[in-house]
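Every chain is numbered from 1, with letters handed out A, B, ... down the list of sequences.
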Amino acid sequence: MLLGDWMKTEEKWIKRWQEAKIFEAKPDNREKFFGNFPYPYVNSYLHLGHFYSSMRLEALSRYKRMNGFNVLYAQGWHCTGSPIVSAAKRIEEKEPKQWGILKMQGFSDEQIEKFADPEAWIDYFPKEAKKDFTDMGYSIDFRRSFITTSLNPSYDKFIRWQFAKLKEKNFVLKGHFPVVWDPKDNTPVGDHDRIEGEGETPQEYVLVKHRFAEKWIVSATLRPDTIMGVTNLYVNPESDLCEATVDGEAWIISEKTAFELSFQDKKVQIKQKIKGSELIGKKVKEFSGLEVPILPASFVNTNVGTGIVHSVPSDSADDLIALYDLQKDEATCKKYGLEMKEVLAIKPIAVLKIPGYNEIPAEDIIKKLGIKSQNDKDKLKEAKEMLYKDGFYKGTLNELYKKKFKKDYSGKKVEDEKESIKEEIIASEFGDRYFQLTGKVVARSLSECIIKIVDDQWFMAYGDKEWKKLAHECLDNMKLYPEKTRSQFNYVLDWLRNWACTREFGLGTRLPWDEKWLIESLSDSTIYMAYYTISHKLQKIDAELLDDNFFDYVFLGKGDLKKLKVDKKLAQEMREEFDYWYPMDFRTTGKDLIQNHMSFCIFNHTAIFPKEKWPKSFGLNGHVMVDGDKMSKSKGNFVTMRDAYRDYGADAARFTALSGGESIDDANFEREMAKNMPAKLEAMLAFAKQHHNKGRIEKLNIDRWMDSKINEIIVEVTKDYEETLFRSALQLAYFDLQNALKWYMRRCVNSPNKETITRFIEVQTLLLAPITPFICEEIWEALGKKEFIALARWPQAGEITKTNEEFVKSTLEDINSVIRLVNIKPQKVTLFIADDWKYELYSILKPMLEETRDFKAVIGKTMQNEKIKKHGQDAMKIIEKAMKSGVNIYDKEAESLALNESVDFLKNELGCEIEIIKAEESKEAKARNALPGKVAILVK
RNA sequence: GCGGAUGUGCCGGAGUGGUCAAACGGGAUAGGCUUAGGACCUAUUGGCUUAGUGCUUGCGCAGGUUCGAACCCUGUCAUCCGCACCA
């Protein structure tokens with residue numbers, strides 16, 4: 001069949017499913033299954049990544065439906081956030097890059113122009129995504145679909161309710177927050193809005209103030225733990241500094257720092273410019289109480305920190321080497337009027353004890369790495385990293401930290417106390433906070449970004465200890481697919497800090513009590529799965545009538561139904577429907593969302609719903625590769641869902657996606673397989689038509705083998721579906737069953753048993769139905785079944801019997817290999833079956849060897865048996881071999897029987913006479929030394 | 001740097017203490033079928049081999065535990081994911 005014709009068949013089934021409304025979920029008295037897949041952000045077509053993740057839910061949903069569950073699978077569309085708005089803006093500006101992105105997706109210039117309006121995206125892409133899911137045969141209840149943001153007033157009301165609840169419980173807090181900021185446009189700058197500096201983040205420095213008469217000279221550090229070791233300050237004589245009034249104090253800092261501090265909750269006024277050289281030789285009073293000089297150093301850069309460095313030569317190789325350099329440099333000292341004697345008198349002050357280093361760690365590392373001067377930039381960088389790592393993790397604070405602080409830190413580990421020391425310094429008059437970027441960031445406006453402290457930012461209080469406890473309780477009671485993601489979840493729940501949940505621009509819902517702010521996209525998508533349970537009914541209600549009382553009633557069962565503004569009956573139905581479907585049984589997505597979305601989902605559920613409505617299980621999967629490569633537009637292997645549908649049809653695409661991977665590993669979509677799949681699936685249909693309800697009545701051993709094999713596979717496949725291991729399920733249900741079928745047909749010389757082959761066809765069709773529903777419906781219909789296979793009952797496994805088919809199979813392979821070796825066309829093949837005593841020996845050896853591998857003990861026990869004792873030397877050889885490679889117990893009756901019954905088959909396969917001789921009947925057989933489980937073969 | 005995951009033939013991947021490491025899929029090679037190609041069928045696909053249903057190696061690397069390790073432990077290297085206001 002041509003692909004085009006096949007796709008018409010697929011369309012036929014979609015239409016039938018729709019007409020029968022089999023995916024429209026209604027509460028009833030069956031057990032329910034509610035699974036969902038995060039609503040995709042609708043700024044482009046769906047791709048194979050969406051396809052693979054969502055297929056896992058789709059297949060599970062169909063599986064559950066066949067197991068008698070009432071299944072709800074709904075799908076919404078996410079519009080919240082800034083990407084659509086900023087993309088639309090760039091279309092409006094006719095920016096070539098953005099224009100090109102749409103052009104590549106196949107839009108005409110005329111169409112693209114329309115995308116200047118954000119709503120055009122939201123009108124277009126959800127509709128197309130729905131088409132993709134429909135074409136692919138998803139069992140989604142589309143009546144319940146919706147979009148987010150204020151464009152959907154009902155959803156908007158729902159999110160407002162959610163935040164009102166969170167606020168009530170004090171899980172939304174107002175606070176200060178450092179954001180990457182464009183000072184020219186006065187906007188925050190996300191990672192995607194940068195020309196340079198993606199991934200750079202705010203970094204918190206400690207400002208250390210050094211008393212300088214009535215003023216302060218201010219340095220910045222990331223190592224407040226070494227503050228007791230300051231021996232001097234370094235200033236670059238060439239640098240441009242300034243004196244500024246900062247919150248009423250006179251500070252000497254770089255102009256850049258003065259500018260930046262004005263964005264960080266400080267009132268800053270620049271008084272006058274100062275050249276670095278003006279400060280050299282002056283003295284300052286330290287936090288530690290010491291008085292130290294200001295020295296010149298060329299390595300000090302005004303772009304980093306405050307442009308002034310305090311020197312801790314004991315634990316900074318940079319500082320120490322600069323000191324060495326200066327101590328050798330009389331000319332410079334003289335130039336700045338420094339007393340050589342005083343410079344030479346400066347010695348590092350030990351502050352940390354680090355195992356593996358002597359008193360002055362920086363000295364060690366300079367020697368060890370052979371650093372010669374300030375110009376050994378690479379080695380100095382390495383030294384810095386090593387000292388930081390070892391100092392932080394292994395170091396302890398020395399006795400200098402005994403009295404200076406409120407607490408006695410002497411002897412304590414740096415790792416444990418660094419944070420407390422930092423806070424104490426900041427709280428003192430010698431310290432303050434300062435944020436700088438980890439690297440240069442340039443915004444689209446071309447201006448260089450800085451860090452701004454936003455002071456009316458709203459946060460989700462994920463740092464709250466009580467909330468964390470609830471989240472852990474929820475996680476502890478969840479099933480995770482796969483289980484090995486649990487440690488990552490546990491880590492993330494602990495690691496999450498307060499999350500800024502509001503933004504200044506984009507699409508979304510306004511914060512109910514502070515309408516200046518929009519709720520950010522990761523925060524409005526945490527409990528919306530509850531919305532699916534009622535969204536189709538909400539469409540009948542004027543959103544104006546929805547208030548917090550309404551949602552309280554429906555989702556929490558609180559309040560008086562009679563007082564609601566909406567239709568009472570409808571409200572009651574919604575309450576019942578929510579109560580029926582919730583909690584969600586399964587939510588699945590890519591592993592990259594563990595760190596935010598999935599964890600947020602846990603937090604928010606515990607905040608709003610009672611325990612019995614908390615999520616039951618999460619599924620996580622790897623990313624999708626195409627033909628072994630990461631999918632990317634530049635490599636030309638970017639495949640959208642509709643590409644896959646067009647090229648392979650739904651069944652083949654579905655099959656290929658799920659057979660590409662499972663668990664947390666990346667999945668590989670092999671296009672070659674997808675291409676070949678339609679023909680293979682059709683072959684199944686042809687086979688079914690040919691053999692269903694036809695065949696031999698008599699039941700042979702080989703039929704029993706096949707029956708058993710079918711049962712075995714039902715059991716295994718069912719287990720795999722339950723664990724969302726769809727690749728393994730496909731492996732068994734398609735490939736392994738096909739191979740079994742191949743052998744069966746060959747073994748029964750193309751004359752299958754009617755009952756067996758019919759059962760085979762039906763079982764395989766049922767097992768594959770969740771993954772390739774179209775071909776399975778087609779087969780099911782051809783078999784004369786009246787109902788949809790989508791609603792058929794999952795097959796039940798019968799008895800699994802042990803047979804010796806594997807023995808027959810390996811015997812045939814052995815015979816063939818002997819024939820190949822001797823390279824003749826055989827007239828007669830003689831098979832010698834092992835002696836009786838050998839079976840006996842094996843049956844004694846097996847349990848024996850599990851106990852002990854002591855050769856003497858084994859010999860001792862086996863030789864007690866009279867039959868074996870008679871064959872002493874031979875037995876020894878067998879035991880020796882068995883000890884080396886292990887043994888199995890062979891059922892001699894079944895084995896000889898199997899061979900006797902397969903003489904016809906072997907004759908047919910080999911085209912020659914077959915003779916079977918038991919060893920005790922023939923000297924030659926004994927000489928050939930057949931062992932249990934292996935026959936000796938003679939070809940003539 | 002932090003946290004997590006992974007590392008098995010030419011490739012994708014099974015196998016998590018013992019009967020056979022490499023199921024299954026793909027690729028390659030040979031043969032069959034075919035006007036040809038594709039599809040399909042059969043066989044081969046670590047090394048050695050005096051060719052024997054033979055021997056032996058091998059599961060990132062190095063150690064260890066064990067009668068026995070791809071699997072457990074320790075160390076180490078490499079790759080991938082995430083690290084925040086971004087969907």
Q) Quick one: are the ring centres of A:F618 and A:Y481 less than 6.0 Å apart? A) no

Q.
Between A:W499 and A:E520, does the side-chain hydrogen bond (donor to acceptor under 3.5 Å, both in side chains) criterion hold? Intermediate values first, please.
A. CA-CA 10 Å; A:W499 175 270; A:E520 159 277 342; 3.2 Å; yes

(Q) Can you check the distance between B:G7 and B:A70, where both ends of the measurement are the P atom (answer in whole Å)? (A) 15 Å

Just the atom pairs and distances: protein N or O near nucleotides 6-9 of chain B's N or O, under 3.5 Å.
| unit_1 | atom_1 | unit_2 | atom_2 | d |
| --- | --- | --- | --- | --- |
| B:U6 | OP1 | A:K484 | NZ | 3.3 |

Q) Between A:S82 and B:A87, is there a side-chain N or O to OP1/OP2 distance below 4.0 Å? A) yes

Q) Taking CD from A:E670 and C1' from B:C11, how many angstroms apart are they, rounded to a whole number? A) 9 Å

Q.
What's the gap between B:G27 and B:G18 when it is taken at their C1' atoms, as a whole Å value?
A. 34 Å

Q. Can you give the dot-bracket line for RNA chain B, where a pair is Watson-Crick or G-U wobble with both atom distances under 3.5 Å, crossing pairs use [ ], and | marks a partner on another strand?
A. ((((((((.[[[..)..(.....]]]((((((.......))))))(((.....)))...[[[[[..)....]]]]])))))))....

Q: For nucleotides B:C67 and B:G75, find the distance between their P atoms and express it as a whole number of Å.
A: 24 Å

Q. About how many Å separate NE2 of A:H472 and CG of A:D494, when rounded to the nearest 0.5 Å?
A. 3.5 Å

Q) Sub-3.5 Å donor-acceptor pair from the side chain of A:Y41 to the main-chain atoms of A:I84, do we have one? A) yes

Q) To the side chain of A:D592, which of B:G26, B:G4, B:C81 is closest? A) B:C81

Q: Quickly work out the A:L593 CG to B:C81 C1' distance and round it to whole Å.
A: 11 Å

Q) Between B:G26, B:A87, B:C24, which one does the side chain of A:D736 approach most closely? A) B:C24

**Q.** Nucleotide of B:G82, B:C86, B:G4 approaching A:N596 most closely (side-chain heavy atoms)
**A.** B:C86

Q. Should B:G9 be called syn or anti, with syn set as within 90° of 0?
A. syn

Q | d(CD, A:Q595; C1', B:C80) in whole Å | A | 13 Å

Q: Taking only the side-chain heavy atoms of A:W499 (C-beta and beyond), determine which of B:C86, B:C80, B:C24 contains the nearest atom.
A: B:C86

Q | Between OH on residue A:Y648 and CZ on residue A:R671, distance to nearest 0.5 Å | A | 5.5 Å

Q) How many angstroms lie between OH in A:Y491 and CG in A:L496, if you round to the nearest 0.5 Å? A) 10.0 Å

Q) Rounded to whole angstroms, how far apart are CD on A:Q203 and P on B:C2? A) 16 Å

Q) In terms of side-chain geometry, is the basic nitrogen of A:D456 or A:K516 positioned less than 4.0 Å from the acidic oxygen of its partner? A) yes

**Q.** Nearest-angstrom distance, C1' atom, B:U50 to B:U44
**A.** 23 Å

(Q) If I take atom CE in residue A:M625 and atom C1' in nucleotide B:C11, what distance separates them, rounded to the nearest angstrom? (A) 12 Å

Q: Could you check A:Q457 against A:T502 for side-chain hydrogen bond (donor to acceptor under 3.5 Å, both in side chains), going step by step and ending with a plain yes or no?
A: CA-CA 7 Å; A:Q457 174 71 45; A:T502 52; 2.9 Å; yes

Q | Atom pair distance, as rounded to whole Å: CD in A:E682 and C1' in B:A39 | A | 12 Å

Q.
Please report the distance separating the P of B:G9 from the corresponding atom of B:G15, rounded so that it comes out in whole Å.
A. 16 Å

Q: Would you indicate, yes or no, if B:C40 has its OP1 or OP2 atom less than 4.0 angstrom from a side-chain nitrogen or oxygen of A:N676?
A: no

Q. If you check every side-chain atom of A:R727, which of B:A14, B:A87, B:C24 has the closest atom?
A. B:A14

Q.
Can you tell me which nucleotide in B:C41, B:C24, B:G3 comes closest to the side chain of A:F735?
A. B:C24

Q: Starting from C1' on B:A5, measure out to CG on A:L480 and report it in whole angstrom.
A: 15 Å

Q. When you measure from the side chain of A:K680, which nucleotide among B:C80, B:G26, B:G12 comes out closest?
A. B:G26

Q. A:I594 near the nucleic acid: base, sugar-phosphate alone, or nothing, with a heavy-atom cut-off under 4.0 Å?
A. nothing

Q: Could you tell me whether A:S659 contacts a base, only the sugar-phosphate backbone, or nothing, with contacts defined as non-hydrogen atoms closer than 4.0 Å?
A: nothing

Q. What are the two closest heavy atoms between A:T589 and A:S53, and how far apart are they?
A. C-OG, 4.2 Å

Q. Which whole number of Å gives the distance between the C1' atom of B:U79 and that of B:A87?
A. 26 Å

Q | Touch class at under 4.0 angstrom, heavy-atom based, for A:H597 against every strand present | A | nothing

Q. Does B:G3 have OP1 or OP2 sitting under 4.0 Å from an N or O in the side chain of A:S487?
A. no

Q: Look at the aromatic rings of A:Y462 and A:W467 and report parallel, tilted or perpendicular, splitting at 30° and 60°.
A: tilted

(Q) Between B:A22 and B:C71, how far apart are the two C1' atoms, rounded to whole Å? (A) 15 Å

Q | Atom P, compared across B:G26 and B:G38: separation rounded to whole Å | A | 16 Å

Q.
By nearest atom, which of the nucleotides B:A5, B:A43, B:C86 is closest to the A:R746 side chain?
A. B:A43

(Q) Judged by each residue's nearest nucleotide on RNA chain B, which is more toward the 5′ side, A:A679 or A:V180? (A) A:A679

Q. Strictly by modelled atom types, are A:D524 and A:T509 linked by a side-chain donor-acceptor pair under 3.5 Å?
A. no

Q.
Without decimals, in angstroms, what is the distance between A:D666 CG and B:G82 P?
A. 10 Å

(Q) Tell me if the aromatic rings of A:F603 and A:F171 count as close, with their centers under 6.0 Å from one another. (A) no

Q | 5′-ward residue of the pair A:Q457/A:V492 relative to RNA chain B | A | A:V492

